[in-house]
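Protein chains get the first letters and strands the later ones, always in sequence-line order, with residue 1 at the start of each. Not measured: the values here are computed from a predicted model.
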Amino acid sequence: MTDVASDVIAIIAKKKRVDKPNVELTDRLEDLGLESLDAVEMIFDIEEKFDISIPYNANTNNPRTEFDTVGDVVTAIEKLVAEKKS
Amino acid sequence: VSDVNRVVVTGLGAVTPLGLTTDIYWANLKRGVSGIGPIEGIPDAAQLSQKVAAEVKGFEPLKHFEERALSTLDRVSQFAVVAAREAIANAGLVIDMPLSLRTAAIVGTGAGGQGTLDDNYRRLYVEHKTRVFPLTIPKLMANAAASQVSMRCGLRGPAFVVASACASATHAIGLSFHMVRSGMVDCAVTGGSEACVTFGTVRGWEAMRVMAPDACRPFSIGRAGLILGEGAAMMVLEPLERARARGANILGEVVGFGMTADAADLTAPDVGGMSRAMEGALADAQLSAQDIQYINAHGTGTAANDVTETEALHGVFGAHAGKLAVSSTKSMVGHALGAAGALEMVATVMSVHDNVAPPTIGYLGPDPACDLDYVPNEARGMPITAALSNSFAFGGLNAVLAVKKFS
């Protein structure tokens, strides 16, 4: 697992509302019981952690339809982090 | 209801992104003018992601106050005092003894002296100065707007600020209505004020990710959130008997007030809380759902509010919901937080007075989940005998006022 993946998983794990010991890349976001404010807080945590900017409007973006699994989020963040480095 | 308990509106005042008096504000609401534009009042606006807001433009403090007074008057208090003076003048009211002792000054404010807070924090944390301005505390205290209205208009009865975020002004007007109706006071000067288009506040709203980048399109397909606004509106409430005795021009009658709490989510709106507040206002007014023609909606333009408010309207009004004209004037003046309910109450009183429903501008087309008549883009002349003004705040605090044409 990449560093980005383990950091993103740690951030999501803090916000999950289901009783599940480990968050895995294959977990579906909706199965973790995340709510809309959780998304806003997680995006902030991720932005702060990686010093990136994630465009997100709670009215027009729906993380549960744009990202299915934790792995999808990790892939998107890895892309933003790579863009920032280049 | 006996005449003793009837409460009428005899004066209005407004400082808004659409104009600095009630007449201009109302004329521009009817014309469907947008008060939203590039942020001008924040020195570091270029650093912000959010580029637009509904700011009060052309407001010159020195036209209204002596220079020495400005060290104690945050913009939020300036707006409140100017709107209160206009409302009192508009009512033709002379505040003399003993009326002064029996007049309330109740102002809704959600955020308070944000400009003063920003300015002084900048001195401390950015400029590393060791001192702040001497009157910083009384200038930014949450109750400042009510205190300044009381002092500068000579009102010596109950005076305080009501804070319930985006419902503050509606709660303030509702409490004033109760005080006048019960005979506790002879008159109330009430409304709300906010001056929250500051660097820190805009950053705070950016962080919530609920603001639209360009326009506020309540109930419309393609809506992308709220636009921050600012301003003040104040009104004079009096018992009907007193207004009649002095030959006042009666603009409308406040007939009901409902308030509830969701006791649920901090930010997500709740159909139950909204519905109970509207039902409470109708019951207090002894009106049935069929008596209402116009709703000035909370209508923030967020995905969640507009769907939830529509659902609540269906629940409360049943088949009659389809006959209502429902509009959100936030499409024109943005969301002035603690002042919003007062700006909207002025619009509601004038709607009932003039038989005109102001429009929801920026409306691009129907959202299947928002299926009522939102008076899209153009004002509508129509008979209006009674209306509701809705305010639903973060924190799950709801307040609704009912207004009736005076006859």
Neighbour count >12 (heavy atoms, 6.0 Å) for atom NZ, Lys79(A):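 No, not enclosed.
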Atom group of Ala207(B) that falls short of 4.5 Å from chain A, counting heavy atoms: backbone
NZ (Lys49(A)) with more than 12 external heavy atoms under 6.0 Å: no
Over all atoms of both residues, closest heavy-atom pair of Thr60(A) and Arg223(B):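 Nearest heavy atoms, Thr60(A) then Arg223(B): CG2-O, 3.7 Å.
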Heavy-atom neighbours of Glu47(A) CD exceed 12 at 6.0 Å: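 Above 12, so yes.
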Short side-chain to backbone donor-acceptor contact, Asn57(A) and Gly225(B), under 3.5 Å: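 Absent.
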Side-chain touch Met208(B)/Leu37(A), heavy atoms, less than 4.5 angstrom: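 Result yes, sub-4.5 Å side-chain heavy-atom pair found.
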Neighbour count above 12 (heavy atom, 6.0 Å) for Phe50(A) CZ: yes
Heavy-atom pair with the smallest gap, counting every atom of Met211(B) and Asn59(A): N-ND2, 4.5 Å
More than 12 heavy atoms from other groups under 6.0 Å of CD on Glu66(A): yes
